[in-house]
Colleague: 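After the structure tokens below, expect a handful of questions from me.
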Amino acid sequence: MNNSDNSDNSTYRCKFDEDFKYVLLPVSYGIVFCVGLVLNVSALYIFLFRIKPWNASTTYMFNLAISDMMYVISLPLLVYYYSQGDNWPFGVALCKIVKFLFYTNLYCSILFLLCISVHRFLGICYPMKSMGWLKVRNARIISVIVWVVVAAFQSPILYFVTTSINGENTICHDTSSADLFDTFVVYSSVNLALLFCVPFVVILVCYVLMTRTLLRPSAATSQTSKSKRKSIKMIIIVLFVFIICFLPFHVNRTLYYYFRKMDLECYILNAINMAYKVTRPLASANSCFDPILYFLAGQNIRRTLISRSGITKVKNKFTSYVQENNWSSVTNGNVGDNNATPSPSSTIITRM
């Protein structure tokens, strides 16, 4: 049995078996960093240089990508910290900033996914009444409000989180010092209620109403059918992110805090501590899953990616080469006739 990654263990009589996290956390955070960096840099490049003009959904997605990017670039510090066995050499200021970025990304992701979901809900269920609300200007104002609200709610992290010395190691606390732990649990509960439970319930209600509207029989054209499929994909992706990334983390974190406060049996505390540590990388993984939403739910982004892809360029070059050399062609109705003289105007490529 050894000490936890933060000072919380010093508050209790139990010590937790945490050897697994010195492999799990560096590896998982390293994967999230590599994948998240590539995907979010690509997304930001497309948003800034390939998509003009922006619509409201693009505005929300851009802000979501900014949030993910801010967190991803902090992960190498955590990879080093856990790979060194809970030793933080970067000072108390960076410890506070890294924890602040984690929770800011977490709740910005939740609120921007809420904005995207409500935007799509209004467009599907109230297309005429909501036209005045679904404007880029309003999306920009709402995005600023989201950033201000989340930053205000997470600013106490800069007060609670600190470092301490444990033997030869410097610990970057995951919660707070022992004398502030009860206050931190109350603060965490407020975050849970206002920044997770309320948005999650609103998203579920929106998706139930959206699904009912989308499944309603209608004389749909191919364009409306495509829009319905895109909306269903978005519903699936957002629910996936919530169920895989956000829900397990918040459930286990809440149990982790309150079980410690209740000072239960050590084996119970050890089990919930292990579950909490496992769900922390899942919460971070939303930085990798969000770009999937951009691709599948954003028609402009998908079209830009496809048009710029190397596969398309190779295909176009191959098509030109085939046309120039008259491969696999049907000419004047003669198939496979080597003596037929091909006419460029009548050549049809039969296989690509």
Colleague: Does some side-chain heavy atom of L101 sit less than 4.5 Å from a side-chain heavy atom of I97?
Modeller: yes

Colleague: Within the structure provided, determine whether L192 and T254 are in side-chain contact (heavy-atom separation under 4.5 Å).
Modeller: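 Sidechains of T254 and L192: in contact.
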
Colleague: Aromatic contact between F240 and F289, with the criterion being ring centroids under 6.0 Å apart: yes or no?
Modeller: yes

Colleague: When rounded to the nearest 0.5 angstrom, what distance separates CZ in F20 from CE in M274?
Modeller: 5.0 Å

Colleague: Give me the other members of the hydrophobic cluster that M128 sits in, counting Ile, Leu, Val, Met, Phe, Trp and Tyr linked by side-chain heavy atoms under 4.5 Å, directly or via other members.
Modeller: M131

Colleague: Looking at the rings of F249 and Y107, which for Trp means the six-membered one, are their centres under 6.0 Å apart?
Modeller: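 F249 vs Y107: aromatic centres not under 6.0 Å.
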
Colleague: Indicate yes or no: at least one non-hydrogen side-chain atom of C95 is less than 4.5 angstrom from one of V161.
Modeller: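 They are in contact (side-chain heavy atoms under 4.5 Å apart), so the answer is yes.
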
Colleague: Could you tell me if the side chain of F62 sits less than 4.5 Å from the side chain of I51, heavy atoms only?
Modeller: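 Of all side-chain heavy-atom pairs linking F62 with I51, none is under 4.5 Å.
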
Colleague: Y187: what forms a side chain to side chain donor-acceptor pair (under 3.5 Å) with it, not counting sequence neighbours?
Modeller: Q154, N191

Colleague: Please determine whether residues F160 and Y103 belong to a single hydrophobic cluster, defined as Ile, Leu, Val, Met, Phe, Trp and Tyr linked transitively by side-chain heavy-atom distances below 4.5 Å.
Modeller: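 Looking at the clustering, Y103 is in the same group as F160.
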
Colleague: Within the side chain of N252, is there an N or O that forms a donor-acceptor pair under 3.5 Å with the backbone of P248?
Modeller: yes

Colleague: Going by side-chain contact (heavy atoms from CB on, under 4.5 Å), name the residues that satisfy it together with M69, two or more places apart in sequence or in a different chain.
Modeller: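 Checked M69 against side-chain contact (heavy atoms from CB on, under 4.5 Å); matches are L37, N40, V41, L44, I73.
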
Colleague: Is C172 close to K99 at the side-chain level, that is, under 4.5 Å between some pair of heavy atoms?
Modeller: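 They are in side-chain contact.
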
Colleague: With clusters built from Ile, Leu, Val, Met, Phe, Trp and Tyr whose side-chain heavy atoms come within less than 4.5 Å, directly or transitively, what are the remaining members of the cluster of V144, listed by chain and number?
Modeller: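 In the cluster with V144 are V148.
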
Colleague: Can S177 and D179 be said to form a side chain to side chain donor-acceptor pair (under 3.5 Å), step by step?
Modeller: CA-CA 6 Å; S177 56; D179 56 330; 2.7 Å; yes

Colleague: Counting distance only, does the side-chain N/O of W147 pair as donor-acceptor with the main-chain N or O of N63 below 3.5 Å?
Modeller: no

Colleague: Under a 3.5 Å distance rule, please check whether N169 uses its side chain to pair with a backbone N or O of I171 as donor and acceptor.
Modeller: no

Colleague: Would one find more than 12 heavy atoms of other residues, nucleotides or ligands at under 6.0 Å from atom CH2 of W133?
Modeller: no

Colleague: Could I get the full list of side chain to side chain donor-acceptor pair (under 3.5 Å) partners for S155, not counting sequence neighbours?
Modeller: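 In terms of side chain to side chain donor-acceptor pair (under 3.5 Å), with neighbours along the sequence ignored, S155 is linked to no residue.
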
Colleague: With sequence neighbours excluded, tell me which residues meet side chain to side chain donor-acceptor pair (under 3.5 Å) with S287.
Modeller: none

Colleague: How close do Y207 and S117 get, heavy atom to heavy atom, and via which atoms?
Modeller: OH-OG, 2.5 Å

Colleague: Do F196 and F246 have ring centroids that are under 6.0 Å from one another?
Modeller: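 When the ring centroids of F246 and F196 are compared, they turn out to be at least 6.0 Å apart.
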
Colleague: So, do Y80 and F90 have ring centers that fall under 6.0 Å from each other?
Modeller: yes

Colleague: Would Y22 and Y82 count as a close aromatic pair, with their ring centres under 6.0 Å?
Modeller: no

